[in-house]
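A note on names: the letters A, B, ... follow the listed sequences, proteins ahead of strands, and every chain is numbered from 1.
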Amino acid sequence: MTTRGLTTATNAVGPKGSFLRRMIRQERHISAMLLIVALFAILALAMITGFILYSGLPIMWKVGPLNFISSSDWYPTEGKFGIWPMIVGSLAVTGGALVFGSVLGLGCAIVLTQFCPKSIVTILKPAIELLAGIPSVVFGFIGVIILVPFIRDHLGGPGLSVLASSLVLGVMMLPTVTSISVDALQAVPRNYREGSIALGATQWQTTTMVTIKAARSGIIAALILGMGRAVGETMAVIMVAGNSLQVPHSILDAVRTLTSNIALEMSYAQGEHRQALFAMGVVLFVMIMILNTIAMVFSRRRAKAGAS
Amino acid sequence: MNYSVMRGLVACVLLVWTLWACPGCRRSGGAVRVVGSTSVQPFAEMLAEEFHRRNPGLRAEVLGLGSTAGLQAARDGTADIGTCSRELSAKEEPDFLPPIVIARDGLALIVHHTNNIDNLTIQQVRDLFTGKTRNWKELGGPDAPVRLITREEGSGTREAFVKLIMGKDHIATNALTYESNGAVRELVNNDPCAIGYMSLGMVKDANVKPLKINGVEPSAQAVRDGTYRLSRPFLFVMKHEPSAAAKAFIDFVMSPAGQTMLQEEGLTVIGSSQAASRPSVGEAGK
């Protein structure tokens, strides 16, 4: 019954329909309040974006946007602001995290939904969700104590490297990717699977050729969300990446990401240096939007191709 | 549960939370906030403990964020006293009252205890840190790549290092950057190929080996004599006249009791006449 329908009903009921009228008024008040709350969220996002652009664009303009992004000299005390090594660092670490996180996360999701008996699922699923609750500092700490010496002694380089960061971030991404992929896989209608098996396909063939393809948009959504976590992660990366200013040439080289740089320098930066850190924030914004757009276009195109 | 009961409950929770959180909004009465250099931090913490023991009503809180961060905090009022482990630059001097030198500290170059290199000249250190010397065997050490550990740009220790050793040259871009003396010490402790620099006052508790520079073993005595040339001042910096509590803390630090405590921990104090007449320390190239 719509509110208007209720109003008509109230009038029809007569002057003593005050209880109904109060309910309608309450409903309107509540929906207005919720609308204001939603607008606050959008307002907050707009204000943050506006503030970062306002603080960061002047220095980017002064140094020249192309120079800012492509120069490799980051010497703020001398007025040189070039963030190319940090951009490469962010991309390398996120790419590596995507590789580890998606393989492990998707693998977990497939095993949980397609191959595990129910008894093991009841233990595994909560365990993976528990992983999501562990603070990122703890991951960084474990990375420093166990992973970094292992890489240094057995693979070479300083140990603090792109590889270490990617592994730590991949494990951090895992619960996000797994739970959303599990939901996506479970949403695939049963008759797809049953039909495939009826046609003689094995369980693995069904999974790869039917189920995953049907759940593709949900899986890509899972990867986007996981990637969002990886790009924004700061604390764990500072602890295991080495924070050097070079453009990394191998996965065993130390690296500095955009987020780490902001965190390392913000406590003492002032004047142009501080503006440059905001400009790095702008670049991060743009990077994340580009990555998300690519992923969304990719998923929409495949969904269309899959449907046709 | 009906609507008005829920509303009442939410209102109660909000009220209790606001009342409970409010006392935290007030400035913690009497606590002197000392913010800045991670080199000064352990000494300031030790002094703060003793200060509190002697004046039970007064407290000093110490934070280690880096020298330039400490100056920033003093400048914008979030700290009562900013601490700094380097000289103030010409641009910074007008912002503050004249700084108080509480002690002088040596700057130690440290390597892993298994590294057989003992002694380096300043030129050799500079070549290591610009990336010119890439392998320890070029200096007579083991056949292993050199891994440089440096501090963030706002660090007083780094500024002192750059001024005393690097001069105009940049530190190599592949140097690993970390944010405190403690982190540098841990990294050098765990990596046999690493070299880094840190506050001399903090070396004695660690498992790392400080190098001799130009044949001189780093020690508080050598800093005092001037034979160990790498040293920098520990400064207390303020923007406004200190509050009564802050003044009490500063007076304690500069008193014979405070200065003796610092001396026992390995710093060079100004009371000793030799240090007082010392000109600016040895610069890059010597």
Distance (rounded to the nearest 0.5 Å) between [X] [atom1] and [Y] [atom2]:
X	Y	atom1	atom2	answer
B:Thr173	A:Asp73	OG1	CG	9.5 Å
A:Ser244	B:Arg147	OG	CZ	12.0 Å
A:Leu245	B:Thr150	CG	OG1	9.5 Å
A:Tyr268	B:Ser67	OH	OG	11.0 Å

Heavy atoms only, distances under 4.5 angstrom: which of A:Pro149, A:Ala254, A:Pro76, A:Pro158 has the most pairs with chain B? Name it, please. A:Pro158

For chain A, which of [options] has the most heavy-atom pairs under 4.5 Å?
options	value
B:Ala175, B:Ala183, B:Ala194	B:Ala175
B:Ala172, B:Ala69, B:Gly66	B:Ala69
B:Glu186, B:Glu179, B:Arg75, B:His170	B:His170

Return yes if a side-chain donor-acceptor contact under 3.5 Å exists between A:Thr77 and B:Glu153, otherwise no. yes

Examine whether an atom of A:Met239 lies under 4.5 Å from a heavy atom of chain B, and if so say whether it belongs to the side chain, the backbone or both; otherwise answer neither. backbone

Can you tell which part of A:Ile30 gets under 4.5 Å to a heavy atom of chain B, answering side chain, backbone, both or neither? side chain

Non-hydrogen atoms of B:Asn174 and A:Gln246 that approach each other most closely: CB-OE1, 3.2 Å

For the residue pair A:Val240 and B:Tyr178, what are the closest heavy atoms and their distance? N-OH, 4.4 Å

By a 4.5 Å heavy-atom criterion (distance strictly below it), what part of B:Ile149 contacts chain A: side chain, backbone, both, or neither? neither

Answer yes or no: are there more than 12 heavy-atom neighbours, outside [X] itself, under 6.0 Å from its atom [atom1]?
X	atom1	value
A:Phe141	CZ	no
A:Lys80	NZ	yes
A:Lys62	NZ	no
A:Tyr75	OH	yes
A:Leu35	CG	yes

Taking the side chain as C-beta and beyond, is there a heavy-atom pair between A:Gln270 and B:Gln72 under 4.5 Å? yes

Donor-acceptor pair, distance only, cut-off 3.5 Å: does the side chain of A:Arg256 make one with the backbone of B:Thr177? no

